[in-house]
*Asks:* 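Would you mind keeping the following structure in view while I ask a few things?
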Amino acid sequence: MKIGRTHYAQDINETLIGQEVQVAGWVHRRRDHGGLIFVDLRDRTGLVQIVCQPDDSGFATLDRVRAEYVIQVAGRVRARPEGMANPELASGAVEIVPHEVLLLSSAKTPPFSVAEAEEVDELLRLKYRYLDLRRPSLMRNLWLRDKSLMVVREFFHEHGFLDIETPALARSTPEGARDFLVPSRLQPGHFYALPQSPQIFKQLLMVAGVDRYYQVAKAFRDEDLRADRQPEFTQIDVEMSFMDQDAILSLMEAMLHRLFAEVMDISLDPFPRMTWHQAMKAYGSDKPDLRAGPPLVNLTDVARTVDWPVLRDAEHVVGVVLPQYQPTRKELDGWAEAARQGGASGLVWIVREAGGMRSSASKWLGDQALATLANAAHVEPGDALLVVAGNGWLPYEVAGQLRLLFARHAGRVQTGWRFLWVTEFPLFEWSEEEGRLVSAHHPFTMPHPDDIEKIESDPASVRSQAYDVVLNGTELASGSLRIYQPDLQARIFQVLGLSAEEIQNKFGFLLDAFQYGAPPHGGIAFGLDRLLMLMAGADSIRDVIAFPKTARGTDPLMNAPSPVDESQLQAVHLTVKW
RNA sequence: GGAGGCGUGGUGUAGACGGCCUAACACGCAUGCCUGUCACGCAUGAGAUCGCGGGUUCGAAUCCCGUCGCCUCCGCCA
């Protein structure tokens, strides 16, 4: 028998009954009945059952094989006996009777079972990632990734976007995350940086007249990891010229609609749009989870009427309604603790029972005042209300956290795919660490046209033409219209506190480029890994990345990072100290 | 940088008030039996100095200190 296959496991079905087929793959399970051996052969598509009797050729080989041996089987497809079909398998109505079995590779007993779905220590999984990937759940995610990228690429191709590669060896950018650095051998003492995003390149491509660009691009950020953060990750990076914000949002939304329709067979509703300000007021978050129950209620006005300074004198008073929920004292104490952790001075709760009301503030608020608050929040008998008071955005953020905590705790998070656009992010935000204004998105973000005159006089209030795609409380994409006028860009740099010299040194090439005819342009970057994580129902982006890194940034399979030879260090003019 | 959780045969867990642990259970593995299983079944068996180091104690998987690793969260992530 030559090496090769005629069919994948999942394609062996009733239509092939009586035909000769050749399949190849791994021994998933072997069930030895003495005179009768069943082998589940696994390939990347699934399983197919091989059945073999002592006088069949190949019996001796199948008697010897063990889990994860690699075999190739030529045989005839036949229907399984009456009542013996396995509805769990695509190939479950049939089986293969071999007339030749080739043992291609034996295998050591694997360190964990490929066939069992049990949860295995992730370090071990990563060390033996090639075995982990054999498990159907991860293999499915690789397929999902491939299929999704095909749909995305088709979409962009059809809409006239050019797929253009940008360098992985770039220069360090002053704003943003910590860079991964690569020492230069030819330029002693100089370093490349791995790009945190192709941002500047794609804007230069717009100046070049590419008009529509996209790239499935690796991005690198040397920051601490999380379940949804890896030091290298993949963006679907997009940039367009001569389109206003509305046109960009509509086109990108169409892409996601197409993706979900073709890959998930899900027809998405049009995405609601919400300004950052609205999102913060209604959900205390710039990435609201619309599945997690009703929005926050604003009790600031009604709080003015009560005779208790904690509420009356607070800048903002925000409530979370717990519909038809009577929390225990322990739950309430837990939420109060969470509120304090979040920076609030405390939590006021009101529980409306059939008869009357209990409250943490009953010492200070009479029944009348409690009723006023409860009524303002439309709290019905059987409901409860959590109230956070404070200044600035803090009470909103804390209440937003409590909203999520409650929804998760009480199992009130609805299922579904709740996308939305969040628009009009602030252009600047205050950095405590640096003691200055920094760009909320990045310094090339176009200010809102109505706010341009306030850039110098009241920068904190300036809105931007930046937007995010949010899905179920996760930020999936971030983008903006870009500044294309050199003078406006210079004003922004000035507000950011960059000296003329720094500007010239760090961004001079971009400003230069803008002087040679820059089109109005804007774009967006989708976090592919996060998107796939949600589509796959995974808890971590590691489950949709073939070879991810641990929370400490190591790769246990290759043992990276690693020390290097002294000669390698010398070549790049480095001495290591520790 | 900070907080928390976890670490016990190959895998997943139990044991945690110190002695009942000569460390249990399931799966896996090995050997034998078994002709319709599909998480096959039955029988027998091998396999662990309880992450590592130190301490307390007559005695430590169990208590204390340190350390390493993994995971989660906060900070950080334009």
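Below, chain A is the first sequence line, B the second, and so on; all start at residue 1.
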*Asks:* Sticking with atom P, work out how far B:C70 lies from B:C65, rounded to a whole angstrom.
*Replies:*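 One P to the other, the span is 23 Å.
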*Asks:* Between B:C76 and B:C29, how many Å separate the two P atoms, rounded to a whole number?
*Replies:*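 B:C76 and B:C29 have their P atoms separated by 50 Å.
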*Asks:* Are there more than 12 heavy atoms of other residues, nucleotides or ligands under 6.0 Å from atom CD of A:Glu456?
*Replies:*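 Buried by this count: over 12 neighbours within 6.0 Å.
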*Asks:* Under the 3.5 Å rule, do the base of B:G36 and the side chain of A:Glu95 count as making a donor-acceptor pair?
*Replies:*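 Indeed there is one.
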*Asks:* Is there a donor in the side chain of A:His7 and an acceptor in the side chain of A:Gln22, or the other way round, less than 3.5 Å apart?
*Replies:*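 On atom types as modelled, these side chains do not qualify, holding no pair under 3.5 Å.
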*Asks:* Between A:Arg66 and B:A30, does any side-chain N or O lie under 4.0 Å from OP1 or OP2?
*Replies:*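 So the side chain of A:Arg66 is within the cut-off, an N or O lying under 4.0 Å from OP1 or OP2 of B:A30.
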*Asks:* Counting only Watson-Crick pairs (N1-N3 plus N6-O4 or O6-N4) and G-U wobbles (N1-O2, O6-N3), all under 3.5 Å, who is the partner of B:A30?
*Replies:*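 Answer to the pairing question: B:U44, which forms a Watson-Crick or G-U pair with B:A30.
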*Asks:* Of the candidate nucleotides B:G12, B:C70, B:C77, which contains the atom at the shortest distance from the side chain of A:Thr550?
*Replies:*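 Looking only at heavy atoms from C-beta outward on A:Thr550, the closest nucleotide is B:C70.
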*Asks:* Checking contacts here: which listed nucleotide (B:C29, B:C70, B:U35) is nearest the side-chain heavy atoms of A:Thr554?
*Replies:*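 Between B:C29, B:C70, B:U35, the one nearest the side chain of A:Thr554 would be B:C70.
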*Asks:* Please check the phosphate of B:C27 (OP1 and OP2 only) for any side-chain N or O of A:Ser113 closer than 4.0 Å.
*Replies:*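 No, A:Ser113 has no side-chain N/O under 4.0 Å of OP1/OP2 on B:C27.
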*Asks:* Identify which nucleotide among B:G36, B:C29, B:C76 has an atom closest to any side-chain atom of A:Thr109, counting heavy atoms from C-beta outward.
*Replies:*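 In terms of side-chain proximity for A:Thr109, the closest of B:G36, B:C29, B:C76 is B:C29.
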*Asks:* Can a side chain N or O of A:Arg31 be found less than 4.0 Å away from OP1 or OP2 on B:C42?
*Replies:*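 Negative; the distance criterion is not met.
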*Asks:* If I pick the C1' atom on B:G18 and the same atom on B:C63, what distance separates them, to the nearest angstrom?
*Replies:*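 Straight-line distance between the two C1' atoms is 8 Å.
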*Asks:* What's the CZ-P distance between A:Arg80 and B:C40, to the nearest Å?
*Replies:*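 After rounding, the reported distance stands at 13 Å.
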*Asks:* What is the nucleic acid contact for A:Asp32, judged by heavy atoms within less than 4.0 Å: base, sugar-phosphate only, or nothing?
*Replies:*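 It contacts base atoms.
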*Asks:* Whole Å only: how far is the CD atom of A:Glu116 from the P atom of B:A26?
*Replies:*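 It is 15 Å, rounded to the nearest whole Å.
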*Asks:* Roughly how far apart, to the nearest Å, are B:U31 and B:U49 at atom C1'?
*Replies:*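 Here B:U31 and B:U49 have their C1' atoms 28 Å from each other.
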*Asks:* Should B:A61 form a Watson-Crick or G-U wobble pair with both distances under 3.5 Å, which nucleotide is its partner?
*Replies:*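 With both distances under 3.5 Å required, B:A61 matches none.
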*Asks:* Would the base of B:G36 count as contacting A:Arg78 through its side chain, where contact means a donor and an acceptor less than 3.5 Å apart?
*Replies:*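 Looking at the base of B:G36, it does pair with a donor or acceptor on the side chain of A:Arg78 (distance under 3.5 Å).
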*Asks:* Which whole number of Å gives the distance between the C1' atom of B:A3 and that of B:G55?
*Replies:*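 It works out to 27 Å between them.
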*Asks:* Grab the CD-P distance between A:Glu88 and B:A39 for me, whole Å please.
*Replies:*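 Answer to the nearest Å: 7 Å.
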*Asks:* For A:Asp121, answer base if it contacts any base atom (sugar-phosphate contacts may also be present), sugar-phosphate if it contacts only those atoms, and nothing otherwise; contact means non-hydrogen atoms under 4.0 Å.
*Replies:*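 Since only primed, P, OP1 and OP2 atoms lie under 4.0 Å of A:Asp121, the category is sugar-phosphate.
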*Asks:* Taking the same atom, C1', in B:U13 and in B:G28, what whole-Å distance lies between them?
*Replies:*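 Per the computed distance, 14 Å lies between those C1' atoms.
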*Asks:* Roughly, in whole Å, what's the span from CG in A:Leu124 to C1' in B:C71?
*Replies:*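 One finds 14 Å between C1' of B:C71 and CG of A:Leu124, rounded.
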*Asks:* If the C1' atom of B:A14 is compared with that of B:U57, how far apart are they to the nearest Å?
*Replies:*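 That atom pair is separated by 26 Å.
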*Asks:* In whole angstroms, how far is the P atom of B:G7 from the CD atom of A:Glu122?
*Replies:*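 These atoms are roughly 17 Å apart.
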*Asks:* Using atom CZ of A:Arg29 as one end and atom P of B:U37 as the other, report the distance to the nearest whole Å.
*Replies:*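 The answer, rounded to whole Å, is 16 Å.
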*Asks:* Just compare B:C70, B:U11, B:C76 and give me whichever is closest to any side-chain atom of A:Phe112.
*Replies:*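 Closest nucleotide among those given: B:U11.
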*Asks:* Between the side chains of A:Lys287 and A:Asp468, is the shortest nitrogen-to-carboxylate-oxygen separation below 4.0 Å, so that they form an ion pair?
*Replies:*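 Salt bridge: no.
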*Asks:* Under the 3.5 Å rule, do the base of B:G75 and the side chain of A:Asp224 count as making a donor-acceptor pair?
*Replies:*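 Answer is yes: a donor-acceptor pair is held.
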*Asks:* Assess whether a salt bridge exists between A:Arg135 and A:Asp132, defined as any Lys/Arg side-chain N lying under 4.0 Å from an Asp/Glu carboxylate O.
*Replies:*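 Yes.
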*Asks:* Quick one: do A:Lys127 and A:Asp121 make a salt bridge, cutoff under 4.0 Å?
*Replies:*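 Not counted as a salt bridge, because no side-chain N and carboxylate O are separated by less than 4.0 Å.
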*Asks:* Which pair of heavy atoms, one from A:Gln489 and one from A:Pro443, lies closest together, and at what distance?
*Replies:*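 Here A:Gln489 and A:Pro443 meet closest at NE2-O, 2.8 Å.
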*Asks:* Who does B:G18 pair with, Watson-Crick or G-U, both distances under 3.5 Å?
*Replies:*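 Across any shown strand, B:G18 pairs with none.
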*Asks:* Determine the Euclidean distance between corresponding C1' atoms of B:A26 and B:G59; express it in Å to zero decimal places.
*Replies:*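 Per the computed distance, 32 Å lies between those C1' atoms.
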*Asks:* Please name the nucleotide paired to B:U35 by Watson-Crick or G-U wobble geometry with both distances under 3.5 Å, or report none.
*Replies:*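 Because no pair has both required distances under 3.5 Å, B:U35 counts as unpaired.
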*Asks:* Measure CG/A:Leu126 against P/B:C70 and give the value in whole Å, please.
*Replies:*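 Rounding to the nearest Å, CG of A:Leu126 and P of B:C70 are 10 Å apart.
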*Asks:* Does A:Arg226 contact B:C71 through a side-chain donor or acceptor facing the base, at a distance under 3.5 Å?
*Replies:*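 Answer no: no donor N or O sits under 3.5 Å from an acceptor.
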*Asks:* Return the pairing partner of B:A3 with a 3.5 Å limit on both distances, Watson-Crick or G-U wobble; otherwise return none.
*Replies:*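 Its partner is B:U72 (Watson-Crick or G-U wobble, both distances under 3.5 Å).
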*Asks:* Do A:Pro231 and A:Lys549 have side chains that get closer than 4.5 Å, going by heavy atoms?
*Replies:*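 With C-beta onward as the side chain, the pair touches.
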*Asks:* Will you find, in the side chains of A:Tyr283 and A:Asp289, an N or O donor that is under 3.5 Å from an N or O acceptor?
*Replies:*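 No pair is found: no donor N or O on one side chain lies under 3.5 Å from an acceptor on the other.
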*Asks:* Just call it for A:Thr445: base, sugar-phosphate, or nothing, with non-hydrogen atoms closer than 4.0 Å on any strand.
*Replies:*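 If one applies the 4.0 Å heavy-atom cut-off, A:Thr445 turns out to touch nothing in the nucleic acid.
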*Asks:* Check every strand shown and say whether A:Pro81 touches a base, only sugar-phosphate, or nothing at a heavy-atom separation below 4.0 Å.
*Replies:*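 If one applies the 4.0 Å heavy-atom cut-off, A:Pro81 turns out to touch a base.
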*Asks:* What's the CZ-C1' distance between A:Arg221 and B:G75, to the nearest Å?
*Replies:*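 Taking CZ of A:Arg221 and C1' of B:G75, I get 17 Å after rounding.
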